[in-house]
Amino acid sequence: MTIRVYNTLTQKKEEFGYEDKQINIYVCGVTPYSNTHLGHARPSVVWDVIKKYLRWQGFLPFHVQNFTDIDDKIIAKANAEGKTALEISQHYATDYLESMDALGVERADLYPKVSEHMDDIIAMIRQLVENGHAYAVNGNVFYDVASFRAYGKLSNQRLDELQMGSRFDVDADKFNAMDFALWKRAKTGEPAWDSPWGQGRPGWHIECSAMSHKYLGTGFHFHGGGSDLIFPHHENEIAQSEGATGEPSARYWLHNGMLNLKHEKMSKSQGNFVTIKDVLEKHPKELLRFYILSAHYRSELEYHDSKLAEVARGWRRLNQFVRNLANRVDGLEGLTDVEELSKAEQDVLVTVSAAQRHFTQAMDDDFNAALAIGSLFDLMREVNGYLAEADSSLASNYVLKQVFDLYKSLAGDILGIVDLDTKPQTEGLTQPLMELVLELRTQLRSEQNYALADIIRTRLTELGVVIEDTSAGTRWQIQND
RNA sequence: GGCGGCAUAGCCAAGUGGUAAGGCAGAGCUCUGCAAAAGCUCUAUUCCCCAGUUCAAAUCUGGGUGCCGCCUCCA
């Protein structure tokens with residue numbers, strides 16, 4: 001098995017090389033000053049799936065994701081609301097983690113914060129000054145972009161083509177307009193820390209270099225984030241990390257595409273965002289994940305209010321299929337190999353292994369989840385065909401258990417697009433009441449009182465309870481998406 | 001102005017040299033008391049346009065058009 005990934009640094013797909021099973025991952029987190037929105041859901045879900053896939057393949061992902069909890073925007077908001085910057089950032093960091101939990105995103109192994117890594121940041125800035133990549137002026141420290149020959153290698157920018165200063169004023173203390181702040185001199189009313197250059201706070205990019213280096217060292221495997229971070233954030237990060245250590249920081253730079261709202265990037269500063277919590281109040285997390293994963297992680301994704309409804313039908317089919325399988329194979333834990341399989345059953349097993357192979361091939365090719373999902377639909381069609389004829393023999397149960405186990409790992413554990421909670425859909429009286437209603441309706445049907453039976457069905461549908469008459473009896477389900 | 005990306009059926013979307021996955025919607029059929037579910041069949045002679053390379057191109061090259069992102073904080 002070989003995994004190939006698109007590396008922004010080389011602008012092509014590369015074979016993923018590794019030395020041992022532990023895969024180190026640094027994903028740029030958020031600046032917590034506002035509610036967590038759908039744009040944040042994209043990299044989170046994408047990396048969640050990558051981690052779970054890698055683990056399924058026998059790797060041990062180790063994931064570090066920062067909180068940039070010292071920042072102009074946070075300070076501005078704190079001053080406006082009469083709170084401290086840390087109160088603001090803590091509040092929104094909590095909102096972020098809650099949103100991630102609600103999305104079924106596994107937590108990172110570490111969430112380092114700027115405010116807790118001042119020594120590491122200062123040490124790296126100092127190193128950069130010593131290495132001749134940074135200079136201090138009036139309590140500020142700037143990165144000397146011209147000193148780093150490879151500057152621009154990630155984003156493919158040429159220094160002389162960048163339009164710096166066109167939309168904001170350039171600090172007069174800079175050697176060069178493109179130089180960026182590593183350390184900012186304290187202004188009144190701002191949180192500040194002691195440093196060799198006086199009181200101040202870190203610039204935007206240095207925290208990721210310092211913290212990724214501290215926890216993952218140099219040459220770690222993956223560095224991820226949104227494509228909007230390629231320049232200047234990640235470009236500057238490379239300049240800092242490599243300028244300080246003399247070694248490459250990350251080997252593979254992976255960038256996810258933007259999630260747009262009405263053809264515009266969803267972002268905090270533009271105010272055009274939909275929060276994750278809002279969406280999850282109306283839709284199950286599995287549906288939101290299905291939507292996000294239905295396009296390749298590098299492409300742009302368009303969101304609008306009816307978007308989830310559009311993909312819901314296909315998603316629901318998949319879920320009901322898996323749920324039916326779950327009911328069917330429930331309690332069949334002890335099944336071992338069964339000797340006599342019919343042709344139809346052998347065919348299903350062949351399709352199962354083909355589906356798993358296609359899924360793996362898709363994920364190995366730059367984590368192509370959209371293609372991988374296609375293989376789940378292919379298998380579903382095949383199995384549904386078999387299911388129509390299947391009896392409840394041992395062989396049949398055995399085969400269906402194989403199918404279910406595959407969906408459980410791929411669609412459930414890795415992608416998180418089907419709800420496998422075996423929790424009863426209902427509580428209290430609903431279950432026995434439904435059984436009673438359906439029993440009576442079955443009686444009516446056997447008496448050919450279809451008019452009344454249909455009224456019951458219609459009224460139940462209006463209540464959100466969908467019933468289906470199958471040859472194996474009537475089944476019911478609460479429609480909740 | 002520079003850099004990066006995208007343009008595939010009514011809609012979403014995969015596909016980076018070998019003759020167009022998958023989903024939704026639509027049509028027909030099977031099953032069914034009916035409905036639903038499910039299955040089967042059909043639905044892009046063609047991949048924004050124009051040239052070129054090649055036995056072969058949605059895929060490569062050149063040019064054009066349109067859209068998006070970045071060059072300010074952003075996932």
Side-chain angles (χ1 to χ4, degrees), chain A residues 8 11-13 27-31 33-34 36-44 46-47 65 68 71-73 76 96 152 154-169 178 204 224-233 235 255-260 263-270 273 290-291 294-296 298-302 307 309-315 317-318 320-321 324 358 362 365 368-378 380-389 445 448-451 453-454 457-458 461 466-471 474-475 477:
Chain A
T8 306
Q11 295 186 350
K12 56 183 183 234
K13 270 188 205 168
V27 180
C28 276
V30 295
T31 301
Y33 72 93
S34 175
T36 312
H37 61 70
L38 272 187
H40 300 125
R42 188 82 121 147
S44 313
V46 164
W47 281 100
Q65 184 169 322
T68 301
D71 166 271
D72 291 354
K73 292 257 162 69
Y96 177 83
L154 179 72
S155 57
N156 229 356
Q157 303 285 347
R158 284 174 31 178
L159 282 177
D160 52 350
E161 291 290 0
L162 290 168
Q163 291 193 339
M164 297 301 273
S166 61
R167 287 195 282 178
F168 66 105
D169 292 331
M178 301 74 120
W204 175 33
S227 61
D228 54 346
L229 295 179
I230 295 173
F231 192 91
H233 184 57
E235 192 66 63
H255 291 98
N256 59 273
M258 294 293 102
L259 194 148
N260 295 335
H263 295 286
E264 276 187 358
K265 185 175 69 161
M266 190 178 291
S267 71
K268 290 178 274 195
S269 54
Q270 293 182 43
F273 62 85
F290 180 82
Y291 156 70
S294 67
H296 186 93
R298 276 191 285 117
S299 10
E300 277 172 23
L301 198 50
E302 207 63 49
K307 204 72 196 185
E310 281 172 23
V311 298
R313 271 186 90 96
W315 170 82
R317 270 181 74 214
L318 189 68
Q320 282 181 1
F321 167 72
N324 289 341
H358 292 149
D365 186 8
N368 193 336
L371 184 58
I373 288 174
S375 70
L376 298 178
F377 275 94
D378 287 335
M380 175 170 76
R381 195 185 332 106
E382 197 76 22
V383 174
N384 267 331
Y386 168 76
L387 223 37
E389 329 258 291
R445 289 178 67 219
Q448 303 207 341
N449 190 345
Y450 296 121
D454 288 352
R457 182 171 59 197
T458 307
T461 306
V466 177
I467 67 175
E468 292 166 4
D469 297 317
T470 75
S471 54
T474 303
R475 63 184 181 211
Q477 195 149 41

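Keep in mind the model is a prediction, meaning the values are calculated, not measured. Labels below follow one simple rule: chain letters A, B, ... track the order of the sequence lines, proteins then strands, and each chain is numbered from 1.
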**Message:** Suppose we screen for salt bridge (charged side-chain N to carboxylate O under 4.0 Å, His left out). Which residues come up paired with A:R445, at least two apart in sequence or across chains?
**Reply:** A:D469
**Message:** Once you apply a heavy-atom cut-off of 4.0 Å, does A:Q11 come out as touching a base, just sugar-phosphate, or nothing?
**Reply:** sugar-phosphate
**Message:** If I pick the P atom on B:U43 and the same atom on B:G28, what distance separates them, to the nearest angstrom?
**Reply:** 16 Å
**Request:** For nucleotides B:G39 and B:U19, find the distance between their C1' atoms and express it as a whole number of Å.
**Result:** 29 Å
**Prompt:** Checking A:Q477 side chain against A:V466 main chain: does a donor-acceptor pair fall under 3.5 Å?
**Reply:** no
**Message:** Tell me every residue that passes side chain to side chain contact (heavy atoms under 4.5 Å, CB included) with A:V27, counting only those two or more places apart in sequence or in another chain.
**Reply:** A:I25, A:W47, A:H63, A:Q65
**Request:** Would you please name every residue forming a side chain to side chain contact (heavy atoms under 4.5 Å, CB included) with A:T36, sequence neighbours left out?
**Result:** A:H40, A:D95, A:Y96, A:S99, A:M100, A:I276
**Prompt:** Does B:G4 have OP1 or OP2 sitting under 4.0 Å from an N or O in the side chain of A:N156?
**Reply:** yes
**Prompt:** What is the distance from CZ of A:R42 to C1' of B:C68, rounded to the nearest Å?
**Reply:** 13 Å
**Message:** From C-beta outward on A:Q157, which listed nucleotide comes closest to its side chain: B:C71, B:G2, B:G69?
**Reply:** B:G2
**Request:** Check every strand shown and say whether A:N256 touches a base, only sugar-phosphate, or nothing at a heavy-atom separation below 4.0 Å.
**Result:** base
**Fill in**
Between A:G374 and A:G225, whichever has its closest RNA chain B nucleotide further toward 5' is A:G374
**Message:** List the residues meeting side-chain hydrogen bond (donor to acceptor under 3.5 Å, both in side chains) with A:E310, not counting sequence neighbours, and say none if there are none.
**Reply:** none
Produce the list of close N/O pairs, under 3.5 Å, pairing protein atoms with atoms of nucleotides 32-34 of chain B; give distances to one decimal.
residue	atom	partner	partner atom	Å
B:G33	O6	A:R445	NE	3.0
B:G33	N1	A:D454	OD1	3.1
B:G33	N2	A:D454	OD2	2.7
B:C34	O2	A:R457	NH2	2.5
B:C34	N3	A:R457	NH1	3.0
B:C34	N3	A:R457	NH2	3.4
B:C34	N4	A:D469	OD2	3.2

**Prompt:** By ring pair (Phe, Tyr, Trp, His ring centres under 6.0 Å), which residues pair with A:H296, not counting sequence neighbours?
**Reply:** none
**Prompt:** What residues, two or more places apart in sequence or in another chain, satisfy side chain to side chain contact (heavy atoms under 4.5 Å, CB included) together with A:R381?
**Reply:** A:D378
**Message:** For the P atoms, the ones on B:C48 and on B:G1, what distance do you get once it is rounded to whole angstrom?
**Reply:** 25 Å
Give each protein N/O atom lying under 3.5 Å from an N/O atom of nucleotides 14-18 of chain B, with the pair distance.
residue	atom	partner	partner atom	Å
B:A14	OP1	A:H296	N	2.9
B:A14	OP1	A:S299	OG	3.3
B:A14	O3'	A:N368	ND2	2.8
B:G15	OP1	A:N368	ND2	2.7

**Item:** Whole-angstrom distance between B:A37 and B:C49, as gauged at atom P
**Value:** 37 Å
**Listed partners of A:K13 passing side-chain hydrogen bond (donor to acceptor under 3.5 Å, both in side chains), at least two apart** = A:D365
**Asked** Mind checking the P distance from B:C60 to B:C71? Whole angstroms is fine.
**Response** 28 Å
**Asked** Counting any heavy atom closer than 4.0 Å, what does A:G29 reach on the DNA or RNA strands: base, sugar-phosphate only, or nothing?
**Response** sugar-phosphate
**Item:** Of A:C28 and A:I373, the one whose closest RNA chain B nucleotide lies more 5'
**Value:** A:I373
Anything under 3.5 Å between a protein N or O and an N or O of nucleotides 24-26 of chain B, put it in a table, one pair a line.
residue	atom	partner	partner atom	Å
B:C24	OP1	A:R317	NH1	2.8
B:A25	OP1	A:R313	NE	2.0
B:A25	OP1	A:R313	NH2	3.2

**Prompt:** Reckon A:T470 touches a base, only the sugar-phosphate, or nothing at all at heavy-atom distances under 4.0 Å?
**Reply:** nothing
**Request:** With the side chain of A:V30 defined as its heavy atoms from C-beta on, choose the nearest nucleotide among B:C71, B:A75, B:A38.
**Result:** B:A75
**Request:** Using side-chain hydrogen bond (donor to acceptor under 3.5 Å, both in side chains) as the criterion, list what pairs up with A:R475, not counting sequence neighbours.
**Result:** A:E468
**Nearest-Å distance once atom P is located in both B:U61 and B:U54** = 16 Å
**Message:** Using a 3.5 Å distance criterion without hydrogens, assess whether the side chain of A:E235 forms a donor-acceptor pair with backbone atoms of A:G152.
**Reply:** yes
**Item:** B:C12 to B:A51 separation - P atoms, rounded to the nearest Å
**Value:** 28 Å
**Message:** Using the C1' atom as the point on both nucleotides, what is the distance between B:A44 and B:G33, in whole Å?
**Reply:** 40 Å
**Request:** Return the set of residues passing side chain to side chain contact (heavy atoms under 4.5 Å, CB included) with A:S294 (not counting sequence neighbours), or none when no residue passes.
**Result:** none
